[in-house]
Amino acid sequence: QVQLVESGGGLVQPGDSLRLSCAASGNSFNTYSVGWFRQAPGKEREFVAAIRRSGGHTYYGDSVKGRFTISRDNAKSTVFLQMNSVRFEDTAVYYCVADRGIILSSIWTPDLWGSWGQGTQVTVSS
């Protein structure tokens, strides 16, 4: 399993931008698919985005499509989530996830990801 540590969360206003980072420990980061989920108070975990090993394929949840961008730097074992035009409803704890063997049809299911970070809080408030 890979260890994941998120950073970059904070308090922002609607319309602002924010970039989350997730640093992975261990070797062979480029053999893992990685992604982001979020969980708002009282709600279930929601798929945000995922990126395949090489970075050539990305996937997004409907609520963030066109506003958020996931990317990765395999040389630095880091995955990023660029959040633009944030909304009140983006307020949540954001979790980085990774898995070496997850298949495409499973990426939207949180329990099928093997490694999770501790989460970083994003609060959108005016």
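Values below: all heavy atoms of this structure, side chains included; hydrogens, waters and symmetry mates excluded.
- Between Ile70 and Val79 the shortest heavy-atom distance is CG1-CG2, 3.9 Å.
- Note that CG of Leu4 and OG of Ser115 are 5.5 Å apart. Values are rounded to the nearest 0.5 Å.
- For Arg87, there are no salt bridge (charged side-chain N to carboxylate O under 4.0 Å, His left out) partners two or more places apart in sequence or in a different chain.
- Scored by the salt bridge (charged side-chain N to carboxylate O under 4.0 Å, His left out) test, Arg45 finds Asp111 as partners (sequence neighbours excluded).
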Can I get a per-line list of side-chain donor-acceptor pairs under 3.5 Å for residues 7-21, giving both atom names and the distance, sequence neighbours left out?
| unit_1 | atom_1 | unit_2 | atom_2 | d |
| --- | --- | --- | --- | --- |
| Asp16 | OD2 | Gln13 | N | 3.0 |
| Ser17 | OG | Asn84 | OD1 | 2.9 |

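- In this view, Lys65 and Asp62 satisfy the salt bridge (charged side-chain N to carboxylate O under 4.0 Å, His left out) rule, not counting sequence neighbours.
- Note on Phe80 and Met83: separate hydrophobic clusters, where clusters join Ile, Leu, Val, Met, Phe, Trp and Tyr whose side-chain heavy atoms are under 4.5 Å apart, directly or indirectly.
- At least one donor-acceptor pair under 3.5 Å links the side chain of Thr78 to the backbone N or O of Lys76.
- The OH atom of Tyr94 lies 9.0 Å from the CD atom of Gln121; values are rounded to the nearest 0.5 Å.
- Looking only at distances, no side-chain donor or acceptor of Gln3 sits under 3.5 Å from a matching main-chain atom of Ser25.
- In terms of heavy-atom proximity, Ala24 sits nearest to Phe29 at CB-CD1, 3.5 Å.
- Within the 3.5 Å criterion, the main-chain N or O of His57 finds no donor-acceptor partner in the side chain of Arg52.
- Nearest heavy atom pair, residue Arg38 against residue Asp90, reads NH1-OD1, 2.9 Å.
- Ala98 approaches Tyr32 most closely through the heavy-atom pair CB-CD2, 4.1 Å.
- The local environment of CD in Glu89 is crowded, with over 12 non-hydrogen atoms from other residues, nucleotides or ligands closer than 6.0 Å.
- Annotation: the span from Cys96 atom SG to Trp36 atom CH2 amounts to 5.0 Å, rounded to 0.5 Å.
- Nearest heavy atom pair, residue Ser63 against residue Glu46, reads OG-OE2, 2.8 Å.
- Between Asn30 and Arg72, the shortest heavy-atom contact is CA-NH2, 3.9 Å.
- Counting Ile, Leu, Val, Met, Phe, Trp and Tyr side chains that sit under 4.5 Å apart, directly or through other members, Tyr59 shares a hydrophobic cluster with Phe37, Phe47, Val93, Tyr95, Val97, Ile102, Leu104, Ile107, Trp108, Leu112, Trp113, Trp116.
- With hydrogens and angles ignored, the 3.5 Å screen pairs a side-chain donor or acceptor of Glu6 with a backbone N or O of Gln118.
- With a 4.5 Å cut-off on side-chain heavy atoms, Gln39 and Pro110 do not count as touching.
- Placement of Phe68 and Ile51 within a single hydrophobic cluster is found when ILVMFWY residues are connected by side-chain heavy-atom separations under 4.5 Å, directly or transitively.
- Checked against salt bridge (charged side-chain N to carboxylate O under 4.0 Å, His left out), Asp99 has no partners two or more places apart in sequence or in another chain.
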